[in-house]
Amino acid sequence: MAEQTENKPDTVTITLDGKRVTAKPGEMLIAAAERAGVYIPRFCYHPRMRPVGMCRMCLVEVKGPRGFGLAPACFIPTSEGQEVVTTSPTVKKAQDGVLEFLLVNHPLDCPVCDKGGECPLQDQTVAFGPGETRFVEEKRHWAKPIALSDLVYLDRERCIQCDRCTRFADEVAGDPLIEFVGRGDSIEVNTFPDQPFSSYFSGNTVQLCPVGALLARPYRFKARPWDLEQVESTCTMCSVGCRIAVQSSSNELTRYLGVDSEPVNHGWLCDQGRFSYQYVNSDERISSPLVRKGDELVECSWGEALAATAKALESAKAVHGPGAVAVLGGARLANEDAYAWAKLAKGVLGTDNVDAQLGDGLPAELVLGLPRATIDEACAASAIVLLAPDIKEELPVLYLRLREAAVDKGVPLVELTPQSTGLSRYAKASLSYRPGEAALLAKALVDGATGDVAGSKAAAVNGARALLGDNPVVVLGRPSVAESAASITAAAAALAGLPGVRFLPALRRANVMGALDMGLAPGILPGRVSLDAGRDWFSSVWTTLPTGAGLDAAGILSAAAEGRIQALVLLGADPAADFPDRQLARQALAGAGFVVAVDAFLTESSRQADVVLPAAAFAERHGTTTNIEGRITSLGQKIVPNGVSWPDWMIAVELAARLGTELGFETVEQVWDEVERVAPSHAGITCALLADRRFRDGVTAPLGAAPPAITGTGSAPAPRPALLAFSGEAPAVSLPPLDAYSLRLVSRRTLYGNGTLVQHAPGLAALAKSPCARANPSDLDRLGMGKGGQVRVRSNRANFLIDAEPDPGVPRGSLSLAFNSVDLEGSDAGALIDADAVVTDVRVETP
Amino acid sequence: MARLNADNEKRARDLIALYPESRSSLIPMLHVAQEQDGWLMPDAIAHVAELLDLTAAEVYGTASFYDMFFTHPVGRHLVSVCTNIACLLNGGFELLEHAEKSLGVSGGGTTHDGEFTLEEVECIALCGEAPCLAVNWRFFGSVTPERFDTLMADLRSGALADEVPPHGTLCRVRRSVGLPAAATPESVTGPEVPSAPGGGRPQSPGTT
Ligand code: SF4
Ligand code: SF4
Ligand code: FES
Ligand code: FES
């Protein structure tokens, strides 16, 4: 699209069907007309992609030097004084002709087509078409349909060659795996033979296709659009928070569609998010409370389960003090649930041993205390610095946004990473560092390097430093779960010294930011305040408060393993699968006195619980969620909870009642009202504000300029506590020396893995990968295994056989193992990792 | 052969170096690949993609657009019979029909012995000697059914091996991008092309 130079005017005036209309200079006519209320029919035009002028449906008359002539409105930029006619007989004739041509080969099998009822080809044929065709010739025939990938089918007979899917794959996703093949009347969209369209974003093409040519395998023949009900919501498969339309039929979810949210997802979804509705429908959901009878979990009533839980919590507290109670998880809950549980744990039970993250995140003071950037701000920054996991694997739509910033807007990406990532190919500088040495590299990036540092060349570091500019944004997360949080905290502290820097957290669980905002972490209280700073304020609204900062996930699990936790609550958490140190997580579950799991599925962890409380899943309850930016958006409810499941906040309320306290909520809205009232960072973000259509893209907390004064409940409010600010202190990290025979472990997640939700969505479960060890070719050569093959990996914790592959993206001296592979059968990165160590060193041996 | 051999990979890299945008060398590179194997084998397409940092699908999309790139195996001799207007008026369709009968394949088909692939083409710019055909892009004019059968017999016996190089052989691509001639013996050695049998003007290789 045309660049705007400074001396160009901000607007131009065009004459559209005789009316004067103001437009942006350079904007395409089709968009200017649409804003002025004139809809020009189209197939290939899509506002989020470059125009191609392929389908000719948008022909209008534009006046040129030789009078009016037909021109495609999606391809003609507006200019001052332009005269445009969209309704003349000439235009009508052109539309008739184009549609007649588009239908030459179209099978018109609408009655058996998924798109029927919401099909732009149907709709525009009715609205703009000739009504009759003169073609009597045989149409072309293709096999119906073919699989482009495990998730997407293609019916080539229906394709009208609009180039939307292929443009999307190339321009937006960066995965040009589908192309036009052939030419003329034999043209088709297809993949290279035997190289499927395995893109994490393939499902978007189904939504984009203006006909029923591209079909989502999980949805095919499942429903008719006019039977579907829908509600707008936010995807909670990761913390990007893409807006979606949740559609259902007969109390069953049928699909999610991407909704175009300007600040977040631009209408795109990743396939994990798009097809995750399948888990909600899973037969394996827990539908009733379970209580342990001997070796078995048996169904019981809510009354029995709650009584057993309350008794365990109460006696743990009474006999051993509040510190004997711990709560793990909560990053998958809605904000209201997180608040209710924070209030129950900290404000009723008085324990601060609470952590929403499972040892794979970063400390709350750091995440909440650093100056925050939105996604838009990151994409408009002077540079984007990545100290994060592989964004393509963990926060897929953020990957699309950052990729677009790098490719289309030229924002330099500077990556600090122990292994190449999906963004490496777009990075201006990809600096690799040895696990454990992130802080050294970060310091060098801030201060300049005089020699090689952490495995990166001084010149590369200084070259990267020169790219940073005056308002860089750091995307901050854990590049590897085999490198301690302290190491990354130290690196973040160094990066906080960059002038004008802001941070965009890249923690992955859907509502991890909301859970931290609501106080589900040790040492903090709801509203981004520290326990100490908020003590006075919260004493006026809560009945009790923890006496001092409690344990984080690693601390809780260690204490549990040592028998010091009498009651452990798992809030949708599966530490046995998710905590990096598998051995510690298992010992903790065995060592904890009483384990309560609030979950939608039986997981390795919840199977070991004494009581399991069934929680309502996504789309079974409403509320709000918070994404990485701190953006609060609504979650919609479309179906009733499975079995007798309850929303998590309600479980907290009922437990509190059995502990003799009222949390004071009867509805989700009441929970949010209290959050708005007591959480300093959320002042002013009322239910009414969130329900306002003007804020349908959500609002980021805290609200900008001067939030309204907080009005406390009843008693005179204490002065509002100050929000957390990161102290800048870096933890000391002492790195053990690496012996010449060992490799340092890097362990990251891939998009599809062994996670409970993905594994219960059949369309996605099949895509999960088996474990594989990756090492630099030279390191494998040393073992005489240049081509890869089976190796034995050994740490001081465990050893196992695993297939190894050479991968030049892994620096020398490191070994990479995905953290969440399926079919682990013991060959599991988590078995090697020691939560207390900064890094994990492993030996690789021939078997 | 599948991927480009060492010589051809070198040639491909030289081609990449000729253009400011590496992708511009795609078509000449595909000619190199087709010259090597007679058609574009999947591994060769994948190799070209690798060299250009494209996906195989992108290369395949481009290759499949052009009639003179083959993404399916062709016989040792690609027989292209013209049925465009001048040839049509002079018996082009009769020639095609005869060819079909005589080779036992219909247009687009390949004989069982892998010797001949027959295709119907648009004007090959030898209208003055209609009806005409090309074999591996070397032209033969004024082709009567009898001459067709002799020609096929000579091709089969190898009698025309000097004049008709293996399918895919192009000289002009190399010449026009300034690359040294192919070193492999099965390729022609330079821009000179043998003149077509049956007289007529000196023939130039069929494509650029
Ligand atoms: S498959 Fe659909 S989106 Fe793709 S080119 Fe055909 S009509 Fe367009
Ligand atoms: S990127 Fe995250 S929030 Fe967006 S669709 Fe995917 S899983 Fe959902
Ligand atoms: S919408 Fe303009 S040409 Fe397709
Ligand atoms: S028409 Fe046959 S060569 Fe021109």
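A, B, ... follow the sequence lines: proteins, then strands. Residue 1 opens every chain. The analysis underlying the following values was restricted to heavy atoms, covering all of them including side chains, and did not include hydrogens, waters or symmetry mates. Quantities reported herein were computed from a predicted structural model and do not represent experimental measurements.
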Near [X] [atom1], under 6.0 Å, is it more than 12 heavy atoms from other residues, nucleotides or ligands?
X      : atom1 : value
A/K144 : NZ    : yes
A/K139 : NZ    : yes
A/R140 : CZ    : yes

| request: Could you tell me which residues satisfy ring pair (Phe, Tyr, Trp, His ring centres under 6.0 Å) with A/F275, sequence neighbours excluded, listed by chain and number? | output: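 A/F275 satisfies ring pair (Phe, Tyr, Trp, His ring centres under 6.0 Å) with no residue once adjacent residues are dropped.
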| task | Scan for salt bridge (Lys or Arg N to Asp or Glu O under 4.0 Å) pairs involving residues 180-208 of chain A, sequence neighbours excluded, and state none if there are none. | result |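 For residues 180-208 of chain A, and leaving out neighbouring residues, the salt bridge (Lys or Arg N to Asp or Glu O under 4.0 Å) pairs sorted by first residue read A/R156-A/E188, A/R183-B/D67.
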| field | Members of residues 43-59 of chain B whose heavy atoms come closer than 4.5 Å to chain A | value |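 So far as heavy atoms go, B/I45, B/D53, B/T55, B/A56, B/A57, B/E58 are the residues that approach chain A to under 4.5 Å.
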| query | If contact means a heavy atom pair closer than 4.5 Å, which residues of residues 110-122 of chain B contact chain A? | reply |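 The list, in residue order, is empty: none.
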| request: For B/S64 and A/G182, work out which heavy atoms get closest and say how close. | output: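 That would be OG-N, 2.8 Å.
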